[in-house]
K.L.:
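What follows is a single structure, and I will ask about it in a moment.
No experiment lies behind these values; they were computed from the predicted model shown.
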Amino acid sequence: MGLFKSNLPRRFNHQYIYVDERKEKLNKIEEKAKRELGMLPEKEWSPEDIRGKFIEGTVHLKRRKQSGKKPLSYATLIIGIIVALVILRWLVVGSL
């Protein structure tokens, strides 16, 4: 009775073939030790850096940033809705 039971698709499971996990772990430990000893500068990040990465990842946000146009403000949208309601009332009732 396959009517009520639907099989789910197989989940994606990507396993790397040419990865040396031990080598990566040793590199991380070495980098951490160098940072603690002062041989490498500390990793610094800020929320602005993260926010910039999201904008870089999307094409339409890049285009908006390059064009310099800003999205419509709430005030503009509210005025537009009020004007649309006045026009709708004028069409239905026949007078303002």
K.L.:
Return the orientation label for the Y16 and H14 ring planes: parallel under 30°, perpendicular over 60°, tilted otherwise.
P.N.:
perpendicular
K.L.:
Enumerate the salt bridge (charged side-chain N to carboxylate O under 4.0 Å, His left out) contacts for residues 24-35, please, sequence neighbours excluded, ordered by first and then second residue.
P.N.:
E30-K34, E31-R35, E31-K43
K.L.:
Are I87 and V92 linked, directly or through other ILVMFWY residues, by side chains that come within less than 4.5 angstrom of each other?
P.N.:
no
K.L.:
Hey, could you give me the CD1/CG distance between I82 and L77, rounded to the nearest 0.5 Å?
P.N.:
11.0 Å
K.L.:
Only counting residues at least two apart or in another chain, list the ones meeting side-chain contact (heavy atoms from CB on, under 4.5 Å) with D20.
P.N.:
R22, K23
K.L.:
I'd like to know if I79 and W90 are part of one continuous hydrophobic network [Ile/Leu/Val/Met/Phe/Trp/Tyr, side-chain heavy atoms within less than 4.5 Å].
P.N.:
yes
K.L.:
Is L37 linked to I29 within one hydrophobic cluster, defined over Ile, Leu, Val, Met, Phe, Trp and Tyr using a side-chain heavy-atom separation of less than 4.5 Å?
P.N.:
no
